[in-house]
Amino acid sequence: GAGALYSENGDMIYNGGWVEDHKEGRGKLYTSEGTYTGSFKNDQKDGDGVMVYKDGRQVKENWETNELHKGGLDISFLQQNSNISKWHNH
């Protein structure tokens, strides 16, 4: 089903799909770095998602078992101009 997880002080940490008390399917994860919206499997980031950092950068990412898989594509520039910035995780 769907549901939300809150911290002890009432801040939302996660909102999305759940299976047997694990994040599963599509969801939104709120972290100290920003907000990740994407796929989860067995309580971990798994699949495609977009991280919106607190500085406004938006990076499309691909995850496998909570590890960044194929680097990321900074899509924040796509909304401002035609420049594309791409980086890889080595």
Side-chain angles (χ1 to χ4, degrees):
L5 174 67
Y6 293 88
S7 68
E8 290 182 9
N9 66 1
D11 293 334
M12 185 180 290
I13 299 171
Y14 174 80
N15 188 20
W18 294 88
V19 173
E20 297 180 7
D21 293 329
H22 295 289
K23 297 175 200 78
E24 189 79 27
R26 300 295 294 173
K28 188 175 279 194
L29 180 67
Y30 302 89
T31 72
S32 61
E33 296 177 351
T35 304
Y36 171 81
T37 303
S39 297
F40 291 85
K41 184 176 181 182
N42 198 27
D43 221 26
Q44 300 180 339
K45 295 178 197 170
D46 196 278
D48 292 329
V50 174
M51 182 72 180
V52 179
Y53 292 91
K54 290 190 175 184
D55 66 6
R57 287 181 303 126
Q58 297 180 38
V59 180
K60 185 175 181 184
E61 304 169 328
N62 186 280
W63 295 81
E64 274 188 20
T65 317
N66 226 33
E67 296 289 330
L68 193 57
H69 179 56
K70 296 180 181 177
L73 176 63
D74 190 336
I75 60 174
S76 51
F77 292 108
L78 295 176
Q79 297 172 350
Q80 299 169 3
N81 57 47
S82 61
N83 294 331
I84 297 176
S85 176
K86 190 169 185 175
W87 57 271
H88 293 279
N89 187 21
H90 296 281

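Note that the structure is a prediction, hence the values are computed from the model and not measured.
At least one side-chain heavy atom of Leu29 sits less than 4.5 Å from a side-chain heavy atom of Ile13. Counting heavy atoms from C-beta outward, Glu24 and Lys41 have side chains that approach closer than 4.5 Å. Contact check for Gln44 versus Asp46: no side-chain heavy atoms found under the 4.5 Å cut-off. Side chains of Ser39 and Arg26 form a contact here, defined as non-hydrogen atoms less than 4.5 Å apart.
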Could you walk me through whether Lys28 and Tyr36 pass the side-chain contact (heavy atoms from CB on, under 4.5 Å) test, one step at a time? CA-CA 6 Å; Lys28 188 175 279 194; Tyr36 171 81; over 6 Å; no
Evaluate side-chain contact (heavy atoms from CB on, under 4.5 Å) for Arg57 paired with Asp55, printing each intermediate quantity in order. CA-CA 6 Å; Arg57 287 181 303 126; Asp55 66 6; 3.1 Å; yes
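Taking NZ from Lys45 and CH2 from Trp63, the interatomic distance works out to 3.5 Å, rounded to the nearest 0.5 Å. Interatomic distance, Met12 CE to Leu5 CG, rounded to the nearest 0.5 Å: 9.5 Å. Separating the OG1 atom in Thr37 from the CE atom in Met51 is a distance of 9.0 Å, to the nearest 0.5 Å.
A side-chain donor-acceptor contact under 3.5 Å links Trp18 to the backbone of Gly3.
The side-chain hydrogen bond (donor to acceptor under 3.5 Å, both in side chains) analysis of residues 6-17, with sequence neighbours excluded, yields the pairs Ser7-Asn9, Asn9-Asp11.
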